[in-house]
Structures are given as C-alpha cells and as structure tokens.
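A short write-up of the structure that comes next.
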Amino acid sequence: MSRDPRLTLARPDLAARDLQGLVAAGRYADPRAYACRVAASAIRTAPSAGAEQADQLLFGEIFDVLDEADGFAWGQARRDGYVGFVALEALGTPSRTTHRVSALRTYAFAAPSIKAPALGPFSLNALVSEVEREGRFVRDADGAWFVERHLAPVGFDFASDPAAVAERHLETPYLWGGRESLGIDCSGLILQAMLACGRACPRDTDMQEARFTQNADPQALRRGDLVFWRGHVAMMLDTDQIIHANAHHMAVAIEPLNTAIARIEAAGSGEPTSYRRP
C-alpha cells in the first residue's frame, strides 16, 4: 500500500524507525523532538529559503527531526503530521506545554510589562510552556511574557463554534501554506478553526475531505458544514453564505455560496466535489 509522502517521514536513504518493515529505506533512525521557537516558521518542500511553503509550524509546536543539513531540518510536524524542511534557526529545545494562545493573535513581551519590547505576534493555537507568573503575565520557557487573558489551559476552554473562529480571521491575507493569523490558506483556515475547538483536523483539502465523511445535503446546508472543490474548501456560515481563504479575494472573505460556485466553475476548477458535515 502506497503511503502519502506528505505524511510519511521516509525517503529512499532514510526513514523513521517505526516505519521499518513498512517502507523501504537505506537506513532507519529515531527522530529527535524540537520545538518551534519563533512565532511561525515555514515547512518547505525542499531545504531552501526559496522553496515552496507547504505548511507552517506555530510557536511551541513539536517538529520531529530525522536529518539536518545546510541549515535545515527534515522532519515531521507532530500536530498535523506534515513532512518537510524547517530552518534550523527556528527550532529549539521543547518544553512541557501548559497553554495555547486563544486570541486570534497576541504579543508577548521581554519583561512582565506592556511597555517592555514586544515579541511576536503569536497566532491562535500557538503553544506556551509556563515556567513563571507575575501579576497577569505568564513567562514561557524561552523568556517571553504572555498576557494570561490571551491564553487558555491546554485541554480546556475550547471554542464551541468553528465558523465563529473562522470569522475572526476575516480579511486575513491569503498565504499559500499559511496557518498563522497574519496569512492563511483555505485548508489552513479550516484546520485552525477546528483546532481552536479541540478537534483534530488534517492539513490539506483532500485530506480534510477524506477525513470528514458525513455528507451534508446541498439543499439543506447549515453553519459549520464544509464545501469542497478540487483543491479548495469553504465553510458555511448559514444556509447560503460561506467563509473561505481564497486567491480570488487574496484574503479570508465571506460571499454567497452560489457566487463562489459560479466563479470557480468559470475558472475551470469545476463544481463542488462534496458537501460535508464535520
């Protein structure tokens, strides 16, 4: 059985040890856990700053590294399973996660004061490791002081409405491979909305379509339903309005579903491939 290379930490010369006997490789090794120590870092398709961004790591997320060369680490994002290359300078030692960012975006500070030099901004669902508190501030293991009001304890206080989370991203610029609140793509928007509600979600559109298998009646759509095209996804806000990150508006936008269907079909991408209720 073939394995999706986007989600399989293997190449002809090297693979993760737990894939031994499942995929062929010259040798097998145990990945080493690193954590993203910048606000967001690209996961690229090749070890070059000019290579395509396929995904992103957010602050605090774990990246399991199998190889390092030329300033890049090759590995797999533990949160969404994506395999690719991340700049080594963006990675550091992981710490025990205690909180996640619950605001759409927030700054941290070099000291427990809003007048101290600002760091970030850090996006929704970034992960924080508390090591100290002072007043309303929480200090992360890297020394950044976050305002506690913009954090939620891991495993608690999830949002309840993915569509409402998506709406918070309205007018965010479109960015291929983006997951951060400063730039996001269509499947990244769905992933971020689901994560904020405590729900697991794959990274790419085709993965999401395969994961969410419950069909929705296109004549009886409701808030939170997903509409899939070939290479695109949108979320229903009500019976006829969608929200989606798209390259037509180059932003997260709200528009009638019928308008989007007509435009996408006219562009040669066809009609929706499915309607799903996640």
Quiz item: Any chance CD of Glu89 has more than 12 other-residue heavy atoms, nucleotides or ligands included, within less than 6.0 Å?
Solution: no

Quiz item: Just checking, is any N or O donor in the side chain of Gln214 or Arg277 under 3.5 Å from an acceptor N or O on the other one?
Solution: no

Quiz item: Has Asp70 got more than 12 heavy atoms of other residues, nucleotides or ligands less than 6.0 Å from its CG?
Solution: no

Quiz item: Among side-chain atoms of Arg276 and Asn215, is any donor-acceptor pair under 3.5 angstrom?
Solution: yes

Self-check item: Whether Gln53 side chain and Trp176 backbone form a donor-acceptor pair below 3.5 Å
Solution: yes

Practice problem: Ignoring hydrogens and angles, tell me if any N or O in the side chain of Asp204 forms a donor-acceptor pair with the backbone of Met207 under 3.5 Å. | Solution: no

Quiz prompt | Asp55 and Arg79: CA distance, side-chain angles, deciding distance, salt bridge (Lys or Arg N to Asp or Glu O under 4.0 Å) verdict | solution = CA-CA 12 Å; Asp55 193 7; Arg79 207 174 198 181; over 6 Å; no

Quiz item: Is a donor on one side and an acceptor on the other found under 3.5 Å between the side chain of Asp142 and the backbone of Ala144?
Solution: no

Exercise. Decide whether Glu209 and Ser274 meet the rule of one side-chain donor and one side-chain acceptor closer than 3.5 Å.
Key: yes

Quiz item: Is a side-chain donor or acceptor of Arg105 paired with a backbone partner of Ser181 at a separation under 3.5 angstrom?
Solution: yes

Exercise. Output yes when a side-chain donor or acceptor of Asp80 lies under 3.5 Å from a complementary backbone atom of Arg203, and no otherwise.
Key: no

Exercise. Indicate the atoms forming the closest heavy-atom contact of Gly60 with Ala35, along with that distance.
Key: O-CB, 4.2 Å

For residues 232-243, which side-chain donor-acceptor pairs fall under 3.5 Å, sequence neighbours excluded?
{"from": "His232", "atom 1": "NE2", "to": "His244", "atom 2": "ND1", "distance (Å)": "2.8"}
{"from": "Asp238", "atom 1": "OD1", "to": "Asp240", "atom 2": "N", "distance (Å)": "2.9"}
{"from": "Asp238", "atom 1": "OD1", "to": "Gln241", "atom 2": "N", "distance (Å)": "2.7"}

Practice problem: Taking atom CZ of Arg17 as the centre, report whether more than 12 heavy atoms of other residues, nucleotides or ligands fall under 6.0 Å from it. | Solution: yes

Quiz item: With ring centroids as reference points, do Phe212 and Phe228 lie under 6.0 angstrom apart?
Solution: no

Quiz prompt | Nonpolar side-chain network containing Leu14, other nodes, edges under 4.5 Å | solution = Leu9, Leu66, Phe72, Trp74, Val83, Phe85

Show me the side-chain donor-acceptor pairs of residues 39-48 shorter than 3.5 Å, one per line, residues at least two apart or across chains.
{"from": "Arg44", "atom 1": "NH1", "to": "Ala51", "atom 2": "O", "distance (Å)": "2.8"}
{"from": "Ser48", "atom 1": "OG", "to": "Gly50", "atom 2": "N", "distance (Å)": "3.1"}

